[in-house]
Number of protein chains: 2
Amino acid sequence: MRLGIPESDSPDVRRLDLFSGMDDAHFSALMRGAYVQNFPPQIELITEGEPSDFLHVILSGSVDLFSVWNGRETSMATARPVSTFILAASIKSAPYLMSARTLEKSRIALIPSQDVRNIFDVDNFFARAIVAELAQCYRSVVKTKKELKLRTSQERLANYLLRLQARVGAGSQFDLEFEKRRLASYLGMTPENLSRAFRGLQAYGVTVQGNRVNISDQQDLERFAKPNPLIDDPDS
Amino acid sequence: MRLGIPESDSPDVRRLDLFSGMDDAHFSALMRGAYVQNFPPQIELITEGEPSDFLHVILSGSVDLFSVWNGRETSMATARPVSTFILAASIKSAPYLMSARTLEKSRIALIPSQDVRNIFDVDNFFARAIVAELAQCYRSVVKTKKELKLRTSQERLANYLLRLQARVGAGSQFDLEFEKRRLASYLGMTPENLSRAFRGLQAYGVTVQGNRVNISDQQDLERFAKPNPLIDDPDS
DNA sequence: AACTCCTCTTGACATTTATCAACTGATATA
DNA sequence: TATATCAGTTGATAAATGTCAAGAGGAGTT
């Protein structure tokens with residue numbers, strides 16, 4: 001761990017929507033108080049309920065945001081480069097609502113929440129960017145909550161596959177982005193049920209071998225999945 | 001409908017966290033472009049997917065925020081006085097993700113989204129308040145999503161009752177705030193299942209007659225419900 | 001009182017989802 | 001080569017939840 005973000009990482013952070021419009025001096029001030037650290041896989045970065053002292057920026061690797069209650073655990077979201085997470089908790093100085101653990105070797109910048117709040121007060125571009133980011137996060141959770149309440153597990157899987165396909169810009173073949181047990185948890189079902197959901201989607205031309213997904217009849221799958229921009233579009 | 005918010009309503013709006021800290025001139029500017037309107041019950045104020053031209057402030061009555069997909073409908077949240085709704089869509093100029101309908105006779109202020117964005121740029125207090133409000137909304141959805149994924153329907157009902165009891169500051173007896181069919185939808189279950197969940201909670205000292213709820217053994221219910229601040233506390 | 005409308009409840013049943021245990025297949029390792 | 005490990009799958013079964021149809025109980029109306 002070292003104080004101040006090294007030259008090599010700074011441009012990656014700067015490029016984020018959250019930081020791209022702000023004043024140079026303000027950005028430098030933010031970076032001066034920040035750390036960058038490399039973490040091995042499966043490290044718990046954040047535990048829900050703890051005070052939120054840092055805004056996290058993931059530079060490489062990936063991070064699972066998950067929650068626990070009464071001995072049960074569920075995956076809430078995945079953070080990937082280059083983006084921030086737990087912005088809301090940082091801004092409010094409120095305890096984290098979700099825990100975070102690295103899924104793979106990851107490089108992460110930690111910016112003191114107090115610095116974020118200070119710069120927020122003096123930089124209108126930054127303030128606007130924070131608002132945009134928060135609004136984006138909010139709408140993203142609303143969409144996943146809608147999906148949970150309105151779709152069966154098989155429908156969630158079908159639409160997830162279509163979203164993944166669109167995101168990686170793939171044709172009929174692409175790879176799952178992480179292990180199936182986590183995908184199951186993310187989609188709100190058990191691993192056993194995910195297997196059965198995949199098998200059920202064979203009727204609509206979906207096959208899986210290991211991590212490889214093949215969609216043989218796009219139209220047919222879409223007819224079943226009924227994707228909707230107000231749930232499935234990442235923006236909008 | 002009339003242009004400009006009347007004297008009688010203005011203080012109610014001003015009192016909101018979102019507006020309480022801002023400059024007088026800026027507040028007046030916001031109010032000048034705003035409407036106030038009275039709506040009868042069961043009026044659809046907003047339809048999801050439409051462009052978000054106004055920030056809504058509910059002055060009296062109550063509003064149901066709900067969503068639809070593939071012929072299914074679910075209640076996502078209830079807006080009550082005095083608070084705003086669909087702030088995120090207004091800020092982003094993005095389409096509404098949820099529809100809104102009045103549950104009862106309601107008085108609602110409509111502030112043009114463009115005005116909100118303009119004042120945001122020149123009033124730092126207002127900007128900070130918007131960020132705080134958005135962060136609050138975000139955390140609120142995260143909590144309800146956690147509850148959906150981690151709790152069974154009976155557990156959700158038990159914890160909902162405890163939250164309602166705390167909110168209305170009641171002892172062992174209090175009234176449900178709206179009809180059971182909507183409560184069921186809000187909690188993510190069918191009306192039939194809500195009935196059975198209530199019956200199941202009799203084992204923990206909960207009885208219902210009409211809208212009247214009686215909790216005869218607080219400890220026992222809490223032992224079953226296992227409320228958790230990171231899901232059930234409205235603030236934090 | 002009789003009727004209507006409505007929400008809520010109940011019972012029977014179907015579907016969905018979870019649980020548990022066993023098994024498969026791939027990978028790594030000794 | 002044998003073995004251990006682990007994610008994933010499968011089957012049997014259980015539990016949770018949804019669906020459908022019928023009935024109970026209120027509130028208002030005629």
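Every chain is numbered from 1, with letters handed out A, B, ... down the list of sequences.
Remark: P of C:dA18 and CD of B:E155 are 13 Å apart, rounded to the nearest angstrom. Atom C1' of nucleotide C:dT9 and atom CD of B:Q202 are separated by 12 Å, given to the nearest angstrom. Taking atom CZ of residue A:R72 and atom C1' of nucleotide C:dT17, one finds them 14 Å apart after rounding to whole Å. What separates CG of A:L150 from P of D:dG18 is a distance of 12 Å, to the nearest Å. Remark: P of D:dT9 and CD of A:Q209 are 11 Å apart, rounded to the nearest angstrom. Following rounding to the nearest Å, B:L201 (CG) and C:dT9 (C1') show an atom-to-atom distance of 16 Å. Between A:F198 atom CZ and D:dT10 atom P there is a gap of 12 Å when expressed in whole angstrom units. Distance, A:F178 CZ to D:dA7 P: 16 Å, rounded to whole Å.
The environment of A:Q42 atom CD is dense: over 12 non-hydrogen atoms of other residues, nucleotides or ligands sit within 6.0 angstrom. Atom CG of B:D53 has more than 12 neighbouring heavy atoms from other residues, nucleotides or ligands inside a 6.0 Å radius.
In summary, the side chains of B:S185 and B:E73 do not present any donor paired with an acceptor at a separation below 3.5 Å, with no hydrogens or angles considered.
Among the heavy atoms of the strands lying under 4.0 Å from A:R196 is at least one base atom, whether or not backbone atoms are also near.
Checked against D:dT10, C:dT17, C:dC8, the side chain of A:R199 finds its nearest nucleotide in D:dT10.
The closest donor-acceptor contact from the side chain of A:W69 to the backbone of B:L230 lies at 3.5 Å or more, if one exists at all.
Side-chain N/O atoms of B:T152 include none lying less than 4.0 angstrom from OP1 or OP2 on D:dA16.
Once rounded to the nearest 0.5 Å, the distance linking CZ of A:F198 with CD of A:Q154 reads 11.0 Å. Between the CG atom in A:D232 and the OH atom in A:Y160 there is a gap of 12.5 Å [rounded to 0.5 Å].
Contacts between residues 181-194 of chain A and DNA chain D, defined by a heavy-atom separation below 4.0 Å, involve A:R181, A:E192, listed by number.
We find that A:E179 and A:R182 are joined by a salt bridge, their nearest charged nitrogen and carboxylate oxygen being less than 4.0 Å apart.
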